[in-house]
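Read the numbers this way: they start at 1 and go in the same order the structure lists the ligands and their atoms. All values derive from a computational prediction rather than experimental measurement. We're numbering straight along the sequence, starting at 1.
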Amino acid sequence: MQQSVSRQDFDRWMVPAYSPASFVPDRAEGSRLWDQNGKEYIDFAGGIAVNALGHAHPELQQALMQQAAKLWHTGNGYTNAPILRLAKQLIDATFAERVFFCNSGAEANEAALKLARKYAHDIFGPEKSGIIAFKTAFPGRTLLTVSAGGQPAYSKDFAPLPGGIEHAVFNDLDSVAALINDQTAAVIVEPIQGEGGVMPAEPAFLCGLRELCDRHNALLIFDEVQSGVGRTGSLYAYMHYGVTPDVLSTAKALGGGFPIGAMLTTEKLGAVLNVGSHGTTYGGNPLAGAVGGKVMELINRPDVLEGVQLRHRWFTDGLNEINQRLHLFKEIRGLGLLIGCVLNEDFSGKAKQFSLAAAEEGVMVLIAGANVVRFAPALIISEQDVQEGLARFARACESVIKGGS
Ligand SMILES: Cc1ncc(COP(=O)(O)O)c(C=O)c1O
C-alpha cells in the first residue's frame with residue numbers, strides 16, 4: 001500500500017523553493033490533465049514549454065518502454081546507440097557538427113559558457129574571458145547561469161558570484177556595443193526571451209550581435225532552451241531569424257518531459273572540450289537518447305512545424321476576442337506557441353491572479369513575470385482543446401475583473 005499524500009505534505013517535507021498550485025496533478029493525456037480529485041484541466045502551460053507532444057504520447061511511451069527493457073545507464077565511460085542517433089539527428093537538422101549532452105537547460109548553458117571561455121583561453125589567452133548577457137535573461141539556476149541571468153532577485157543571496165559577466169539591455173544593440181571588446185569571450189542571448197516576458201528579439205538586433213561577435217572574435221551563444229524544438233514554428237528560432245550562432249543550448253522540449261539538455265556547436269569549437277575538461281554522469285543517458293530521438297523525429301516535420309503557425313492564430317484570434325470584450329491586455333506578443341499577454345495598467349502586477357483563476361476554471365497557464373500571462377502548450381494541441389481552454393480562460397478573466405480571485 002502506498003502512503004496517501006496531499007499538497008500540504010509539500011510544505012511539511014520539501015524545501016520551500018517552490019510554491020506549487022493547490023492541486024496535485026495525477027494523470028494526463030494529450031493536452032488534458034486530471035488532479036487527485038479527478039478535476040480536469042486543459043494544459044496551456046506544457047510543463048513550462050516542455051511537453052511539446054502533450055502528455056503520454058503513445059510513441060514516446062513506446063520509445064521509453066522499449067529502451068527501459070534494454071539498457072538504462074552506463075555512465076560516460078561508454079557510449080550508446082540511442083544517444084549517438086540523437087546526436088546525428090541534431091547535426092543533420094541544424095548548423096551543428098558536434099553535440100554535448102547533459103540533463104537540463106542550465107547545464108546546457110553552463111557547458112556553452114565553459115566552452116566559450118576555454119576556446120578564448122586556448123586560442124587567445126587567459127585575458128579573453130568576458131561574458132555579455134542580458135538584464136532580463138533567464139539562463140538557469142546554477143551559480144554561473146544565475147549570474148548571467150542579470151536578475152539580482154535570483155542571484156544576490158548567493159554572492160560572491162562568478163566574475164567577468166556584464167549585462168546589456170535586450171534588443172538594444174548600442175548597449176552591447178558599449179560593453180563588447182577584444183577581451184569578450186561570448187555573448188549569450190535568448191532569440192525570444194521566455195521568462196523575461198515573452199519578448200522576441202528584433203531581427204536587426206540578432207544580426208547586429210552576430211556582426212559585433214565576429215568583429216571581436218567572441219562566440220555568439222543562442223539560449224534556445226525555451227524557444228527550441230519547434231516552439232516558434234521553426235525547429236530552432238535561429239532558423240526563423242536567419243542568424244546562425246556558434247553555440248546553441250537546447251533542453252526542455254527535447255525530451256518531451258524526460259530530462260535532457262544539449263549544447264550544439266561546430267567541430268572547430270567543440271574540439272576544445274577535450275577529454276576530461278567537462279562532463280556529467282547522466283548526460284547522454286540511453287533513456288534520454290531514446291525519448292529525445294523520437295521527439296525530434298515527431299516534431300521536425302513540415303506538417304507539425306506548419307501546424308504551430310496555425311495554432312498560433314487560433315490562440316491569438318481567441319485572445320484578441322477576449323481582449324476586445326474585456327480590455328485586459330496592452331499587447332499580445334510572441335512567436336509560434338510561445339505567447340504572452342501583457343496586462344494593461346488596470347491589471348498591472350496581477351498575472352499570478354489570472355493563473356490562479358485559470359486553474360480554478362480548469363485551465364493551466366503560465367506567467368512570465370508579474371505582468372505577463374504566458375501560454376506554451378503542446379505543439380500538436382487540438383483545436384477543440386484550444387477553444388475549450390480559451391473559453392475557460394475567458395471565464396477566469398471575468399472572475400479576476402469581478403475581484404473573485
Ligand atoms: C531560456 C531558458 N534557458 C535556460 C533555462 C533553464 O533551464 P532548466 O530549468 O532546465 O535548467 C530556462 C528555464 O526556464 C529557460 O527558459
**OP:** Side-chain contact test, heavy atoms from C-beta onward, threshold under 4.5 Å: evaluate it for Asp246 versus Thr266 and give yes or no.
**Re:** no
Original post:
Partners of Thr265 by side chain to side chain donor-acceptor pair (under 3.5 Å), sequence neighbours excluded?
Top reply: none
**OP:** Report all protein residues having a heavy-atom distance below 4.0 Å to some atom of ligand 1; order the list by chain, then number.
**Re:** Ser104, Gly105, Ala106, Asn109, Phe138, Pro139, Gly140, Glu190, Glu195, Asp223, Val225, Gln226, Lys252
Subject >> Glu361: which of Lys39, Arg395, Arg392 passes salt bridge (charged side-chain N to carboxylate O under 4.0 Å, His left out) >> reply: Arg395
Original post:
Taking all atoms of both residues into account, what is the closest heavy-atom pair of Gly334 and Val198, and its distance?
Top reply: CA-CG1, 3.8 Å
Only pairs under 3.5 Å count here: list side-chain donor-acceptor contacts from residues 53-66, not counting sequence neighbours, and write none if there are none.
{"residue": "His55", "atom": "NE2", "partner": "Asp43", "partner atom": "OD2", "Å": "2.7"}
{"residue": "His57", "atom": "ND1", "partner": "Glu59", "partner atom": "N", "Å": "3.1"}
{"residue": "Gln61", "atom": "NE2", "partner": "Ala56", "partner atom": "O", "Å": "2.9"}

When the side chains of residues 86-93 are checked against the rest of the protein, which donor-acceptor pairs come out under 3.5 Å, sequence neighbours left out?
{"residue": "Lys88", "atom": "NZ", "partner": "Asp92", "partner atom": "OD1", "Å": "2.8"}
{"residue": "Lys88", "atom": "NZ", "partner": "Asp92", "partner atom": "OD2", "Å": "2.9"}
{"residue": "Gln89", "atom": "NE2", "partner": "Gly293", "partner atom": "O", "Å": "3.0"}

